[in-house]
Student: 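Pasting in a structure now, in structure tokens, and then I'll have a few things to ask.
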There are 2 protein chains.
Amino acid sequence: MAKPRASIGSHRNPESHAAILDAAAALLAEHGYAGVTFEAVARRAGAGKPTLYRWWPNKAALLIEVYEREKVAMEAARPTLPDPQEDFADLVRAVMDFWRDSPAGQAFRSIIAEAQADPAALAALRDDFLPRTREVPRAILARAVAAGRIAPTTDLGLIIDLVFGFAWYRLLTHRLTPTQAEILGVVGAAFAAAAPGGPLASTTAPVSAAPPTPPPGR
Amino acid sequence: MAKPRASIGSHRNPESHAAILDAAAALLAEHGYAGVTFEAVARRAGAGKPTLYRWWPNKAALLIEVYEREKVAMEAARPTLPDPQEDFADLVRAVMDFWRDSPAGQAFRSIIAEAQADPAALAALRDDFLPRTREVPRAILARAVAAGRIAPTTDLGLIIDLVFGFAWYRLLTHRLTPTQAEILGVVGAAFAAAAPGGPLASTTAPVSAAPPTPPPGR
DNA sequence: AGATAATCGAAACGATCCGTTCCGTTTAGA
DNA sequence: TCTAAACGGAACGGATCGTTTCGATTATCT
């Protein structure tokens, strides 16, 4: 935005790098997803378009970097609670707060949206970004298994799908103000169902109320 | 694409209407969301751009109509099962099958994506389309309440958020092949938690494992 | 020390799509 | 018979895209 920033030799210029991420985040916050164009980012960052295209193949890649840069502080700030269920609920709360109170929510929404149009963005989201993100909740669930709170036969990925599916749904429909009771209810439901003997305790075994009779039709 | 299609007087031409929806669906299936432009749809449908702009304010509105046109057959084909929990699980299965096996999934993904960029599309999705869609599962849950399977104090919207959040999450990450056990597990978890005495039975009351102490930080 | 190579920002390009506007034609309803 | 609305065709100014060329800068290799 100010002083000229020339090449620093045959190496990537970290100032340009930071200026570009700053500009992208600012544009996202001010004008939304549609306002973030490579053209506008380059203009605002005082950078050249070739510089952007050199380092980021598409808008999704740029937004992922914006999101991850902001996410570090959030994850570090959250203390680990001793009880796995409380810790899991607090993680969900922290993530939804983060989405609501920082530009990250808009960034994350945009990443998901772009993945629906661009196969490359989808691959980056599903095969790279998401598995990394799911490690934190998975570790908490593994602690719950070790503590005997969750049956060892439970598919932990399914629990994450259930709880973070809820969070995504609220994010994408702009309803990011869950009450404490709602979060505790959702996480409580997941933990109760995954407890030994619950309907989520085993991936393969049938559920009492609905025998494995294949439903009619189709 | 074929014969010329002139005005039929001062009334909307249903042939043009159908041709435009057909063209949009075809383009969506062949070239994805980015391939659906008003320009391309008009070209393929043999229609004029003013005709499109006359009837649809934006791409989201057009895609919503494409989606809803295909959805009718799906909902009509599904029989109502006597047991509410089985019926709910079958609905989830039918919806995910529908998303996977018809162009509707791509259309729905695109609608959600566009809502993240365009406030008008978000309003249409959240305030118009979604409430209509949620009526069917809500009616099933109401039956479960009447049957005493779900506590009357339960927030039925939260159950829908939970189960269809799961479905959306799978849709948006292109993992639309749930096993029967997964669906039964998710729905079973929701119903068990919403049963009288379960963690979802009341929206306001605290949950046993985690008293309403506000979590630290933030 | 000097040559190499990769970086930087600026500018311009052809192409595409947007959203709108005008136009002449057609036909249902008043 | 006449009005009003819908139809498709064509063109517009504007924005963004993704790429290319350019001269200048400077760390790294020879």
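Numbered from 1 within each chain, the chains take letters A, B, ... in sequence-line order. Excluded from the calculations below are hydrogen atoms, water molecules and symmetry mates; all remaining heavy atoms, backbone and side chain alike, are included. Everything quoted here is computed from the prediction, not taken from an experiment.
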Student: With a 4.0 Å cut-off on N to O distance, would you call D161(A) and R134(A) a salt bridge?
Tutor: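 Looking at R134(A) together with D161(A), the answer is yes, because their closest N to O distance falls below 4.0 Å.
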
Student: Do the charged groups of K59(A) and D118(A) touch, with an N to O distance under 4.0 Å?
Tutor: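 Answer for the salt bridge query: no.
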
Student: What integer distance in Å separates L27(B):CG from dC17(C):C1'?
Tutor: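 Between C1' of dC17(C) and CG of L27(B): 14 Å.
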
Student: Can we say D97(A) and R78(A) salt-bridge, meaning some charged N sits less than 4.0 Å from an Asp/Glu carboxylate O?
Tutor: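 Answer for the salt bridge query: no.
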
Student: Report the distance from atom CG of N58(B) to atom P of dG19(C), rounded to the nearest whole Å.
Tutor: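 Spelled out: CG on N58(B) to P on dG19(C) is 8 Å.
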
Student: Over all heavy atoms of both residues, which pair between L122(B) and A115(B) is shortest? Give the atoms and the distance, please.
Tutor: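 Residues L122(B) and A115(B), closest heavy atoms: CB-O, 3.4 Å.
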
Student: In the 5'-to-3' direction, what one-character label does each nucleotide of nucleotides 8-18 of chain D receive under the scheme B = base within less than 4.0 Å of a protein heavy atom, S = sugar-phosphate only, - = no such atom?
Tutor: SBBB----SBB

Student: Find the distance L52(B):CG to dA6(D):P and express it as a whole number of Å.
Tutor: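 Value for this atom pair: 14 Å.
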
Student: Over the length of the helix from dA1(C)-dT30(D) to dA30(C)-dT1(D), how much do the five-pair end axes diverge, rounded to 10 degrees?
Tutor: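 The end-segment axes of the helix from dA1(C)-dT30(D) to dA30(C)-dT1(D) are tilted 10° relative to each other.
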
Student: So, does S102(A) use its side chain to make a donor-acceptor pair with the main chain of A104(A) at under 3.5 Å?
Tutor: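 Yes: the side chain of S102(A) pairs with the backbone of A104(A).
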
Student: Are E39(A) and K49(A) within salt-bridge range, i.e. N to O under 4.0 Å?
Tutor: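 Salt bridge flag = yes for K49(A) with E39(A).
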
Student: With a 4.0 Å cutoff (strictly under), does any side-chain N or O of W55(A) reach OP1 or OP2 of dA6(C)?
Tutor: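 False: W55(A) side-chain N/O out of range (4.0 Å or more) of dA6(C) OP1/OP2.
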
Student: If you take all heavy atoms of V186(A) and L158(B), which pair is closest and at what distance?
Tutor: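 V186(A) and L158(B) have their closest heavy atoms at CG2-CD1, 4.1 Å.
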
Student: Which residue in the set R69(B), H17(B), R44(B) passes side-chain hydrogen bond (donor to acceptor under 3.5 Å, both in side chains) when paired with D22(B)?
Tutor: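 Going through the options one by one, the only one that passes is R69(B).
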
Student: Given dT27(C), is OP1 or OP2 found less than 4.0 Å from the side-chain N or O atoms of H11(B)?
Tutor: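 For dT27(C), neither OP1 nor OP2 has a side-chain N or O of H11(B) closer than 4.0 Å.
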
Student: On DNA chain C, does the nearest nucleotide to P57(B) precede the nearest nucleotide to H17(A) from the 5' side, or the other way round? Give the residue.
Tutor: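 Comparing both residues, the 5'-ward one is H17(A).
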
